[in-house]
Structure formats: C-alpha cells, structure tokens
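Notes follow the structure.
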Amino acid sequence: MAHKHDPNEKVVYVGDSRIKKRDYSGVTPPDYSAYPGKSEAFIPNFLLKEWMVGVVVLVGFLTLVIAHPAPLGYPADPLNSAFIPMPDWYFLFLYQLLKYPYASGDYIVLGILGLSGIPFVALLLAPFLDTGKERRFYRRPIASSLMLVSLVAVAYLTWVSWDHYQHELEANGQIPEHIERKIKAEESVNAGKERWVPGKEKIPAMVAADDPAFTEVMTQAQCIACHGAELEGGGAPALRGIGDVLSKEELVDIIANGAADGAMPAFQGQLTDEEIDQVATWLAQQKAE
C-alpha cells in the first residue's frame with residue numbers, strides 16, 4: 001500500500017483474509033524462492049544437497065587415495081626397538097595432545113576420554129547453545145571464535161607432532177621405512193636384479209646346516225633368538241651369505257667383542273676361544289652360490 005509516487009517510499013502489503021489458502025496436497029508446491037524469508041524443508045531438499053556435497057568430497061578422497069596410496073612399511077617386528085610409531089596424518093594432533101603431561105600418565109583417562117570427547121560433546125550441544133538466526137560468521141562471535149581456535153589448535157598440534165618426528169629421525173640417524181624401501185627397490189632394479197621386497201628377500205641357502213658350530217654352539221648361545229631359527233633374520237640381520245660380507249677375522253672380532261653400534265653383545269667369556277673360532281669359521285662359509 002503506497003500513498004504517493006515517491007520511489008523511496010516503503011511499500012507495505014496488506015493481506016486479504018477473503019483469499020482462500022490453496023491446497024497443495026497431491027501437487028508439486030511452488031519453488032521456495034516464491035516465499036521470501038521462508039527456508040526450504042530439511043527433508044528431502046536440504047538433506048539431498050548435503051548428500052550431494054558429501055558424495056563430491058568422498059570422490060575427491062578416493063581420487064587422492066588412488067593417486068597416492070598409503071606407503072607400506074616392513075613386516076611388523078616386535079623386537080625392533082628403533083621403530084617410531086606414527087598415526088595417520090589426520091590423527092597427528094590427537095597423538096601430539098596425548099604426549100603432554102596433563103593428558104597422559106596420571107591423567108590418561110582425562111586425555112583419552114575428556115580431551116578427545118570435548119569436540120564431540122560440543123557438536124552435540126551446538127544447536128542448543130547457538131540458537132540465533134544469524135548465519136554470518138562475523139555476527140556470531142562465540143561460535144566463530146570457538147571454531148577458529150579449534151582450527152588453529154589442530155593445525156598447530158599437527159605441525160608440532162610432525163616436526164618432532166623429523167627431529168627424532170634425524171637424532172637417531174633413521175630413514176622412514178617407506179623411503180628406505182623405495183631406495184632399496186630402486187637400487188635393486190638399477191643393478192639389474194629383481195625388485196627388492198622386504199620380508200621376501202632371496203637369501204642364500206645355509207651351507208653345512210648340520211655343522212656342530214650351528215646345531216650346538218650357536219643354539220646354546222641363543223644366537224637364533226635374534227638371527228632367526230634358520231638364520232634368516234628377525235630382530236637381527238640374516239647370517240646367510242654373511243661370508244660374502246665379512247671375513248673370518250672380522251667375524252671373530254664381532255663375536256668376541258660385539259658390534260660397534262652395540263646391537264650385538266660380546267660373547268667373550270661366554271664362549272671359549274675355540275668355540276668362537278669354530279662359529280666364525282662356519283659363518284665364513286656362508287656364501288651365496
């Protein structure tokens with residue numbers, strides 16, 4: 001309803017109660033854009049849109065998974081104390097969070113259930129705490145601030161966790177398993193050999209497997225506990241083919257005094273000189289065909 005021809009005049013529409021309400025049962029209702037200020041129904045309209053967006057995101061993840069598959073490490077070895085366990089990248093922030101004193105040790109229950117459960121509880125309570133109709137983020141300071149703090153915290157903890165992992169590798173002089181696996185595979189292919197696969201290496205056959213040096217001396221010294229029952233390797237390197245790598249004199253020195261890096265203990269005193277010489281002589285015979 002307008003009183004004059006001023007273009008800036010506010011126009012007020014007055015409803016007429018004599019106009020009957022239309023019955024849309026059985027027919028397709030008009031588009032919701034015909035009703036300014038009205039929102040569309042959650043089911044099925046809004047939910048269908050959310051599903052469509054979810055499908056697009058899922059296809060994107062599947063594309064990344066196919067293009068960049070997860071790196072494979074070595075077969076699980078419970079005796080490998082140098083292995084640094086790391087979760088997937090999307091759990092790094094929780095992994096780092098559980099390292100702090102207030103989330104571990106005496107507070108492990110708080111760290112596992114409390115800190116990890118806070119985001120889920122917050123999501124459940126969000127519709128009841130934030131009941132305003134405003135949808136612009138700068139008009140919702142509390143919700144926007146909490147979301148911003150959460151994003152910054154997740155990004156920071158993820159970065160700290162990965163940075164600490166890199167420092168651990170550097171301090172221990174380690175190469176991540178998937179990188180070492182790739183390097184060895186490339187070296188094997190470049191040398192004209194078959195592609196190197198961890199856990200399935202072609203190791204030489206054992207020479208003189210019935211020799212007392214192996215069946216008696218090495219068995220009693222519990223060498224097989226680390227090197228494997230058939231010297232195929234396990235918690236320690238395989239000894240098959242060791243004669244191609246080390247001489248008898250070097251083997252005697254390692255058996256008697258232990259490895260330089262401390263990975264192998266010294267057997268001087270546990271074994272006699274004759275037994276050490278007997279084992280070194282037999283190991284020196286372990287050569288590839």
Side-chain angles (χ1 to χ4, degrees), residues 64-65 68-112 114-116 149-191 195-201 203 222-228 231-239 241-242 245-246 250-251 253-268 270:
L64 290 176
V65 169
H68 300 282
L72 298 178
Y74 297 129
D77 182 9
L79 299 178
N80 184 9
S81 59
F83 177 72
I84 303 176
M86 287 291 288
D88 293 318
W89 63 268
Y90 43 82
F91 283 135
L92 283 177
F93 71 98
L94 283 177
Y95 177 69
Q96 180 64 26
L97 188 63
L98 293 176
K99 293 181 181 180
Y100 293 118
Y102 54 79
S104 60
D106 296 335
Y107 304 96
I108 189 66
V109 176
L110 174 63
I112 295 176
L115 297 178
S116 302
V149 170
S150 301
L151 292 176
V152 171
V154 169
Y156 173 76
L157 290 174
T158 301
W159 174 79
V160 170
S161 179
W162 183 252
D163 184 67
H164 183 258
Y165 173 62
Q166 296 297 322
H167 282 297
E168 283 186 307
L169 292 177
E170 184 178 355
N172 297 335
Q174 290 180 263
I175 300 177
E177 286 186 349
H178 64 284
I179 297 179
E180 184 179 16
R181 179 174 180 170
K182 181 180 180 181
I183 294 174
K184 289 186 176 181
E186 291 177 350
E187 291 177 349
S188 180
V189 172
N190 293 335
R195 183 177 179 84
W196 181 84
V197 178
K200 296 183 180 180
E201 301 91 339
I203 56 178
Q222 294 297 318
C223 299
I224 61 176
C226 296
H227 294 283
L231 303 184
E232 75 281 4
L239 294 181
I242 192 66
V245 181
L246 300 175
E250 293 174 326
L251 290 169
D253 179 69
I254 294 176
I255 297 172
N257 304 315
D261 57 0
M264 177 177 170
F267 284 87
Q268 184 73 44
Q270 299 184 35

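Just so we're clear, the structure is a prediction, and the values are computed from it rather than from any experiment. Numbers here simply count residues along the sequence, with the first being 1.
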Point-to-point distance, once rounded to the nearest 0.5 Å, from [atom1] of [X] to [atom2] of [Y]:
| X | Y | atom1 | atom2 | result |
| --- | --- | --- | --- | --- |
| Y100 | L98 | OH | CG | 11.0 Å |
| I242 | I254 | CD1 | CD1 | 7.0 Å |
| Q270 | Q222 | CD | CD | 10.5 Å |
| L239 | I224 | CG | CD1 | 11.5 Å |
| K99 | L94 | NZ | CG | 12.5 Å |
| E170 | I175 | CD | CD1 | 12.5 Å |

Determine all donor-acceptor pairs shorter than 3.5 Å in which one atom belongs to a side chain in residues 149-161; sequence neighbours excluded.
unit_1 : atom_1 : unit_2 : atom_2 : d
S150   : OG     : L146   : O      : 2.8
T158   : OG1    : V154   : O      : 2.7

Taking the side chain as every heavy atom from C-beta outward, state whether [X] and [Y] have any pair of such atoms under 4.5 Å apart.
| X | Y | result |
| --- | --- | --- |
| I84 | N172 | yes |
| L97 | Y102 | yes |
| E186 | K182 | yes |

For the residue pair [X] and [Y], what are the closest heavy atoms and their distance?
| X | Y | result |
| --- | --- | --- |
| E250 | V245 | OE1-O, 4.2 Å |
| A266 | A256 | CB-O, 3.2 Å |
| Y90 | F93 | O-CE2, 3.2 Å |

Tell me whether the count of non-hydrogen atoms from other residues, nucleotides or ligands lying under 6.0 Å of CZ in F91 goes above 12. no
In terms of heavy-atom contacts, does CD of Q166 have more than 12 from other residues, nucleotides or ligands at under 6.0 Å? yes
